[in-house]
Amino acid sequence: MDKPTHLIEFETMVLGRHLSLTTPRPRRGGGLLDRSAYTLLSRLSVEGPMSIGGLSEAFGLDTSTLNRQTTAMLRTGLVERIPDPDGGIARRFRVTSEGERSLAAARAENVGGLEKVMAGWESEEVAALAAYLKRFNMDVERLDGRPWPRT
């Protein structure tokens with residue numbers, strides 16, 4: 001690992017592993033959200049109702065994958081289908097109150113886990129990491145052509 005980018009590659013791989021161990025896991029019969037539901041609900045919560053086509057464009061995923069994910073979310077009451085306000089036959093997905101509650105609970109778990117990990121950090125260090133992660137993500141989004149809406 002003679003270049004900083006090699007170290008970043010390694011550390012992001014390890015980070016992905018750690019996040020999968022510390023984020024909430026779905027439970028049978030309900031409970032915490034899986035990663036795809038968490039990500040989709042986060043996007044819908046910020047951007048508002050979206051169609052399968054809109055979600056496909058936003059995430060760069062094929063519609064069959066999104067149909068599978070949204071069907072599971074419909075079944076558990078996290079989203080609902082609504083008519084497209086622009087007319088036509090398309091339907092959009094909107095987060096339900098149960099979806100908002102589940103998203104808020106999962107987000108609180110995630111934040112709590114991060115706060116435990118960084119309990120010994122100075123607030124300036126936490127802010128610096130947040131700023132670098134935002135910059136990194138925004139540069140990835142710029143190259144990918146799929147910016148994530150930020151509030």
Side-chain angles (χ1 to χ4, degrees), residues 8-85 90-151:
I8 292 168
E9 182 279 331
F10 176 80
E11 293 298 339
T12 55
M13 180 272 304
V14 173
L15 177 63
R17 173 68 181 144
H18 290 317
L19 290 178
S20 70
L21 293 173
T22 59
T23 55
R25 298 262 187 215
R27 288 183 271 171
R28 283 195 169 169
L32 299 173
L33 301 173
D34 66 25
R35 187 173 60 168
S36 65
Y38 184 82
T39 305
L40 285 168
L41 287 173
S42 293
R43 184 68 179 248
L44 291 170
S45 182
V46 171
E47 197 158 326
M50 297 175 74
S51 66
I52 284 288
L55 290 169
S56 177
E57 187 176 309
F59 287 99
L61 296 172
D62 62 84
T63 56
S64 64
T65 299
L66 288 162
N67 275 319
R68 195 170 46 256
Q69 292 172 347
T70 55
T71 297
M73 292 168 54
L74 282 164
R75 199 172 32 249
T76 56
L78 300 173
V79 296
E80 62 187 349
R81 279 194 184 107
I82 61 168
D84 189 329
R91 303 295 242 176
R92 292 189 181 202
F93 294 92
R94 175 174 60 195
V95 180
T96 63
S97 57
E98 174 62 20
E100 290 287 352
R101 187 201 62 72
S102 295
L103 179 60
R107 184 164 284 136
E109 283 283 325
N110 289 341
V111 170
L114 290 169
E115 288 172 345
K116 285 179 188 174
V117 169
M118 296 182 287
W121 292 33
E122 297 294 328
S123 60
E124 296 81 15
E125 293 173 311
V126 176
L129 177 59
Y132 281 124
L133 286 172
K134 180 179 180 181
R135 180 179 176 185
F136 181 83
N137 282 328
M138 290 180 77
D139 283 344
V140 169
E141 294 161 13
R142 177 182 49 79
L143 292 172
D144 189 44
R146 292 186 180 89
W148 189 274
R150 288 174 169 82
T151 55

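A quick note: this is a predicted structure, and the numbers were derived from the prediction, not measured.
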CG/Leu133 to CZ/Arg135 distance, rounded to the nearest 0.5 angstrom? 12.0 Å
Here the gap from Leu66 atom CG to Leu61 atom CG, rounded to the nearest 0.5 Å, amounts to 5.0 Å
Looking at every heavy atom in both Asn67 and Ile52, which two are closest together, and how far apart are they? OD1-CD1, 3.6 Å
Give the table of side-chain donor-acceptor pairs shorter than 3.5 Å for residues 116-131, with sequence neighbours excluded, one pair per line with atom names and distance.
unit_1: Glu125; atom_1: OE1; unit_2: Glu122; atom_2: N; d: 2.7

Say you draw a straight line from CE of Met13 to CG of Leu15; how long is it, rounded to the nearest 0.5 Å? 10.5 Å
Separation between CG (Leu40) and OG1 (Thr70), nearest 0.5 Å, reads 8.0 Å
For residues 137-151, the salt bridge (Lys or Arg N to Asp or Glu O under 4.0 Å) pairs (sequence neighbours left out) are Asp139-Arg142, Glu141-Arg150, Asp144-Arg146
List the residues meeting side chain to side chain donor-acceptor pair (under 3.5 Å) with Arg92, not counting sequence neighbours, and say none if there are none. Asp84, Asp86
Side chain to side chain donor-acceptor pair (under 3.5 Å) pairs touching residues 50-63, sequence neighbours excluded, are Asp62-Ser64, Asp62-Thr65
Under the side-chain contact (heavy atoms from CB on, under 4.5 Å) rule, collect the residues that match up with Val46, sequence neighbours excluded. Pro149, Thr151
Can you tell if the side chain of Trp148 reaches within under 4.5 Å of the side chain of Thr39, non-hydrogen atoms only? yes
Report yes if the side chains of Leu41 and Leu78 come closer than 4.5 Å at any heavy-atom pair, otherwise no. yes
Kindly state each residue pair satisfying salt bridge (Lys or Arg N to Asp or Glu O under 4.0 Å) with at least one member in residues 73-83, sequence neighbours excluded. Glu80-Arg94
Side-chain touch Arg101/Ser97, heavy atoms, less than 4.5 angstrom: no
Of all the heavy-atom pairs spanning Arg43 and Pro147, show the shortest one and how long it is. NH2-O, 3.5 Å
Report the distance from atom CZ of Phe93 to atom CD of Gln69, rounding to the nearest 0.5 Å. 11.0 Å
Between atom CZ of Arg107 and atom OG of Ser42, what is the distance when rounded to the nearest 0.5 Å? 4.0 Å
